[in-house]
Amino acid sequence: MAWAILFTAGLLEIGWAIGLKYTEGFSRLVPSVLTLAAMAGSVILLGVALKTLPIGTAYAVWTGIGAVGTATLGIMLFGEPATAMRLASIGLIVAGIAGLKLVG
C-alpha cells in the first residue's frame, strides 16, 4: 500500500510542477490554488508513505516520478525538445526508479 501512496504522491508532484507553468507566477487564482493543493497533497502522501518505506528510497522514487513525468509532459505539452540524449536520460531515471523499487 505504501508504494501506491508514494506513486500517487509522485503523480501529484508532476501536477504541481506542470501547474507552476500555468500559474504565471501565482498571478492566476485557479491554477495557483490547484498547484498549491497538489504541492500539499504530494508532501502529505510522501509523509504517509515514509511510515513504512526507507527515506532514501522513497524520496528518490518520489522525485524520480516527478522528474520523468514533468520532463515527458514538457515534451508533450510545451514542445520541449525530445532529443535522443534527453529521452535516454529519462530512461535512466526510470531504470533507477525500477531498481529502487526492486530493492526497497
Side-chain angles (χ1 to χ4, degrees):
M1 185 65 172
W3 284 103
I5 292 169
L6 182 62
F7 181 74
T8 303
L11 293 178
L12 286 171
E13 186 182 5
I14 296 166
W16 72 255
I18 295 297
L20 283 173
K21 182 83 167 168
Y22 292 103
T23 68
E24 295 179 12
F26 290 100
S27 64
R28 297 179 62 213
L29 180 62
V30 173
S32 296
V33 169
L34 292 173
T35 298
L36 290 170
M39 285 177 176
S42 180
V43 171
I44 289 166
L45 289 177
L46 174 62
V48 171
L50 287 174
K51 288 180 181 179
T52 56
L53 296 175
I55 182 71
T57 299
Y59 185 76
V61 169
W62 179 66
T63 57
I65 291 169
V68 168
T70 303
T72 302
L73 286 176
I75 292 166
M76 294 169 48
L77 298 176
F78 305 119
E80 295 176 1
T83 63
M85 191 60 141
R86 186 178 194 146
L87 295 175
S89 297
I90 291 170
L92 288 171
I93 296 170
V94 171
I97 293 169
L100 287 170
K101 169 69 171 96
L102 290 173
V103 300

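Basis for what follows: all heavy atoms, side chains included, without hydrogens, waters or symmetry-related copies. Along the sequence shown, residues carry numbers from 1.
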If every non-hydrogen atom of [X] is compared with every non-hydrogen atom of [Y], which pair is closest and at what distance?
| X | Y | answer |
| --- | --- | --- |
| Ala9 | Ser42 | O-OG, 2.9 Å |
| Pro81 | Ile75 | O-CG1, 3.8 Å |
| Ser27 | Ser32 | N-OG, 4.2 Å |

Say whether [X] and [Y] are linked into one hydrophobic cluster, either directly or through other cluster members, by side-chain heavy-atom distances under 4.5 angstrom.
| X | Y | value |
| --- | --- | --- |
| Val48 | Leu53 | no |
| Ile97 | Leu73 | yes |
| Ile65 | Ile90 | yes |
| Val68 | Trp3 | yes |
| Phe7 | Val61 | yes |

Would you compute the distance between atom [atom1] of [X] and atom [atom2] of [Y] and round it to the nearest 0.5 angstrom?
| X | Y | atom1 | atom2 | result |
| --- | --- | --- | --- | --- |
| Phe26 | Leu36 | CZ | CG | 5.0 Å |
| Ile18 | Thr72 | CD1 | OG1 | 9.5 Å |
| Leu45 | Glu13 | CG | CD | 12.0 Å |
| Lys21 | Thr35 | NZ | OG1 | 13.0 Å |
| Ile5 | Leu50 | CD1 | CG | 10.5 Å |
| Thr70 | Glu80 | OG1 | CD | 9.5 Å |

(request) With the side chain counted from C-beta on, respond yes when Leu6 and Leu46 share a heavy-atom pair under 4.5 Å apart, and no when they do not. (result)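 They are in side-chain contact.
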(request) Would you indicate whether the side-chain heavy atoms of Leu11 and Ile14 approach each other to under 4.5 Å? (result)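 SC-SC contact between Ile14 and Leu11 confirmed.
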(message) Show me the pairs that pass ring-ring contact (aromatic ring centres under 6.0 Å, His included) and involve residues 29-82, at least two apart or across chains.
(response)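 Only Tyr22-Phe78, Tyr59-Trp62 qualify under ring-ring contact (aromatic ring centres under 6.0 Å, His included).
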(message) Just to verify, what does Ala38 make a side chain to side chain contact (heavy atoms under 4.5 Å, CB included) with, not counting sequence neighbours?
(response)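 Side chain to side chain contact (heavy atoms under 4.5 Å, CB included) check on Ala38 returns Leu12, Trp16.
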